[in-house]
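First the structure, in the form of structure tokens, and then the observations on it.
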Amino acid sequence: MSETEQKINNLRAEIERHNYNYYVLSQPEISDFEFDALLRSLQELEAAHPEFFDANSPTQRVGSDLQSDFKQVEHRYPMLSLSNTYSEDEVADFYDRVQKGLNEPFKIDCELKFDGVSISLTYHKGILVRAVTRGDGVRGDDVTANVRTIRSIPLRLNGSDFPEEFEIRGEILMPWPVFEDLNRERERQEEPLFANPRNATSGTIKLQNPAIVASRRLDAYFYYMMGGSLPTDSHFENLQLARKWGFKISEAMRRCSTMEEVSAFIHHWDVARKELPIATDGIVLKVDSLYQQRNLGFTAKSPRWAIAYKFQAERALTQLMSVSYQVGRTGAVTPVANLEPVLLSGTTVKRASLHNADIIAGLDLREGDFVYVEKGGEIIPKIVGVDTSKRVPGHLSEPVIFPDICPECSTPLVREEGEAAFYCPNERGCPPQIIGRIEHFFTRKAMNINAGSETAEQLFRSGLVEDVADLYDLTDMQLMQLERWAEKSIRNFLDSLERSKEVPFERVLFALGIRYVGETVAKRLAKSFLSIDNLAKASLEELSEVNEIGGSIAGSVVRFFEDEANRILIERLRTAGLQFSVDPSLLENQSDILNGKSIVISGTFQFHSRDEYKALIEQHGGKNTGSISSKTNYLLAGANMGPAKLEKAKKLGIEIIDEDTFLKMIE
């Protein structure tokens, strides 16, 4: 071995040791700066000596930005689901069944049930060779490239006493703080928020770009080892050895000898889990001896030697301090409960959604009430009940009354027929509506301007921008007078404004912020009417004829263009150079061959990428959907498609076509 290769190997080993200390043991030995310096040294050496490339090098954890479709892999050992139970009596029944089935002493291992995405890793001679999702339990997606970016997963094992080849199964998770940071960023970009960390993890691990996966800071815990030559007969002991090899094994795991010890574990973690930085939704109980597991065997769907006890949806009792009212960019007024801080699902909750006036009335909410707050999959916690027993007898507290005027501009609120929300109609005089429209205009899916909420508010409060057309009149001299604006930030902002003039019509239409006109509706309207002038002249009937454009959307569009101020705004934006018609080159080869057809895409393809097929479906009048239903017309099936989708399509009698057939259809 050359001196250079030896140096590279030594650096890799040292960096992996520090990774293990930091991400698994939470006991870092060096500073972040020192770690980064080591990583840079390794990157430079590997760049200079590509002959020593190794896919399991710690430098590869950042992820490549190359994209590829996932291959389907059959599990060597099927990944079965566990039977669920929701009461201690059912847990006791499980314990009794095991006792009768074995008729000999046994131990039960109690573990936390992590709420993430199941993964199965295969190691050969201590090297990670494959990572596969659960899929349908028989086959899953090969996500090895993405899993390599998760720093708590060892790429090479420590020591030498591990089996030559084995599988280890676990759960990939997104910690609460990471989840909240991600949703804050998505909210700023006006992207749909993830409902909970599990959904965020699932969406992340299936991304085609490992570099984005690396940025999401996922974590992983492991809970079961499989293979032909495992070190011991004890599930518990095997996982203790796995911890020594570099895997993250929960410290909460306990080996119990009696039902009383199992109950004590359940009672402890039903409370203590609220302080964990990760989401848990129950406890898993397993017979410890692998020999006894084999003797107990399996039912058709689950093992007889394991069961999952699910926690009840988590809620907390705290006091309502006040109710405030937020005004959004469309004028909708949303009530928010301000609470005495309380710990819920690993985070401190200070606010909860009350949704609308009807919810407040239904709860009979009073000032100072003690309320039940529940997270249960919600992004923003919600109030689900009131503890009326805590109201002081004889003391008549004031009921919470939804305001009849806007809390920001004092304009009388309106409520349209059939809607739950109250609106402030003062579009051009209500500050949060104006600021909200400017911020919406900035977002990536709209004009993609290099600015955010703070900039929107600052530009409005300074008097420089009263509507989005004013943005294109700004000068560097004006911006220089504002706080925190330096020459570089001014240039970046003005450059992004200039680039926004190339944004296609459908995104400009979305950026205008017409009520009910989201990203998808804007695309449909742009495609149907081709220009802002045609859209402005469209009648209620003509708009309603567009696929999926209902009366509320059509009415909103008509009202928008009836307003002279909006027509003036569009002319100013047109003069500034924004795109208000569909690029003629995009109209070539369009047709309505697939008009009214709903198509689901699954698998990998030879001639076009999945995104290209989605564009082709829209180009020819069809609708691309993500899931199969009775309304689906075709399943466009490629190689390695999901077996669950295929089975559902056959069950519903949906026509399954390959890419050759599809391309002939649209010729």
request  = Using the side chain to side chain contact (heavy atoms under 4.5 Å, CB included) rule, take Phe560 and Ile570 through it: C-alpha gap first, then chi angles, then the decisive distance, then the call.
outcome  = CA-CA 11 Å; Phe560 179 86; Ile570 287 167; 3.9 Å; yes

message = Under the criterion side-chain hydrogen bond (donor to acceptor under 3.5 Å, both in side chains), I'd like the reasoning laid out for Thr575 against Tyr472: C-alpha separation, chi angles, the key distance, then a yes or no.
response = CA-CA 10 Å; Thr575 301; Tyr472 295 92; over 6 Å; no

request  = Evaluate the salt bridge (Lys or Arg N to Asp or Glu O under 4.0 Å) criterion for residues Arg216 and Asp181: first the C-alpha distance (whole Å), next the side-chain angles of each, then the deciding distance (0.1 Å), finally the verdict.
outcome  = CA-CA 10 Å; Arg216 294 276 177 92; Asp181 287 347; over 6 Å; no

task = Take Arg572 and Asp473, measure what salt bridge (Lys or Arg N to Asp or Glu O under 4.0 Å) needs, and give me the verdict at the end.
result = CA-CA 10 Å; Arg572 289 181 63 203; Asp473 295 331; 3.0 Å; yes

task = Show your reasoning for whether salt bridge (Lys or Arg N to Asp or Glu O under 4.0 Å) applies to Lys523 and Glu506.
result = CA-CA 5 Å; Lys523 284 181 180 178; Glu506 66 267 19; over 6 Å; no

query = Stepwise, does the side-chain hydrogen bond (donor to acceptor under 3.5 Å, both in side chains) test hold for Arg428 with Asn566?
reply = CA-CA 10 Å; Arg428 289 177 184 82; Asn566 288 331; 2.6 Å; yes

query = What's the verdict on side-chain hydrogen bond (donor to acceptor under 3.5 Å, both in side chains) for Ser531 and Asp533, showing C-alpha distance, side-chain angles and the deciding distance?
reply = CA-CA 5 Å; Ser531 73; Asp533 298 317; 4.7 Å; no

request  = Start with the C-alpha distance between Asn338 and Val323, add both sets of side-chain angles, then the distance that settles side chain to side chain contact (heavy atoms under 4.5 Å, CB included), and finish with yes or no.
outcome  = CA-CA 6 Å; Asn338 302 300; Val323 176; 5.8 Å; no

query = Could you go step by step and tell me if Lys382 and His355 meet the side chain to side chain contact (heavy atoms under 4.5 Å, CB included) rule?
reply = CA-CA 8 Å; Lys382 61 181 179 181; His355 298 294; 4.2 Å; yes

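Remark: Tyr325 engages Phe402 in a ring-ring contact (aromatic ring centres under 6.0 Å, His included) (not counting sequence neighbours).
Contact between Leu494 and Leu479 at its shortest, heavy atoms only, is CD2-CD1, 4.0 Å. The minimum heavy-atom distance between Glu340 and Met321, with the atom names listed, is N-CG, 3.5 Å. The shortest non-hydrogen separation linking Leu363 to Val386 is O-CG2, 3.8 Å. Annotation for Val342 and Ala316: closest pair CG2-CB, 3.7 Å, computed over non-hydrogen atoms. Residues Ala526 and Leu509 come closest through the heavy atom pair N-CD2, 4.2 Å. Taking every heavy atom of both residues into account, Glu427 and Ile434 meet most closely at O-CG1, 3.7 Å.
Within the 4.5 Å cutoff, the side chain of Pro197 has no heavy atoms near those of the Asp115 side chain. You'll find the side chain of Thr388 reaches within 4.5 Å of the side chain of Arg391, heavy atoms only. Contact of the Ser353 side chain with the Val336 side chain is not registered, since no non-hydrogen atoms from C-beta on lie closer than 4.5 Å. In this structure, Val557 and Tyr516 have side chains that are not in contact, with every pair of non-hydrogen atoms separated by 4.5 Å or more. Between Asn448 and Ser500 the shortest side-chain heavy-atom distance does not fall below 4.5 Å. Residues Asp404 and Leu413 have side chains not in contact (no heavy-atom distance under 4.5 Å, counting atoms from C-beta outward). Annotation: side chain of Met174 is in contact with side chain of Leu218 (closest heavy-atom distance under 4.5 Å).
With Phe311 as the aromatic partner, Arg273 meets the cation-pi criteria of under 6.0 angstrom to the ring centre and within 45 degrees of the ring axis. In this structure, Arg515 satisfies the cation-pi test against Tyr423, with its NZ or CZ atom closer than 6.0 Å to the six-membered ring centre and inside 45 degrees of the ring normal.
Using a cutoff of 4.0 Å between basic side-chain nitrogens and carboxylate oxygens, Arg574 and Glu571 are scored as salt-bridged. A salt bridge does not link Glu502 to Arg499: none of the charged nitrogens lies less than 4.0 Å from a carboxylate oxygen.
In this structure, CG on Leu464 lies 5.0 Å from CD on Gln478, to the nearest 0.5 angstrom. With rounding to the nearest 0.5 angstrom, the CD1 atom of Ile617 is 4.0 Å from the CD1 atom of Ile601. To the nearest 0.5 Å, atoms CG (Leu497) and CG (Asn450) are separated by 9.5 Å. Remark: Thr334 OG1 to Asn356 CG distance equals 8.5 Å, nearest 0.5 Å. With values rounded to the nearest 0.5 angstrom, Ser322 atom OG is found 9.0 Å from Glu367 atom CD. To the nearest 0.5 angstrom, Ile383 atom CD1 is 9.5 Å from Thr318 atom OG1.
By the 6.0 Å contact criterion, NZ on Lys310 is enclosed, its count of non-hydrogen atoms from other residues, nucleotides or ligands being greater than 12.
The only option from Asp467, Val468, Leu471 that meets the side-chain contact (heavy atoms from CB on, under 4.5 Å) definition with Leu573 turns out to be Val468. Each of Asp219, Ile172, Val178 was checked for a side-chain contact (heavy atoms from CB on, under 4.5 Å) with Thr201, and the lone residue meeting it is Ile172.
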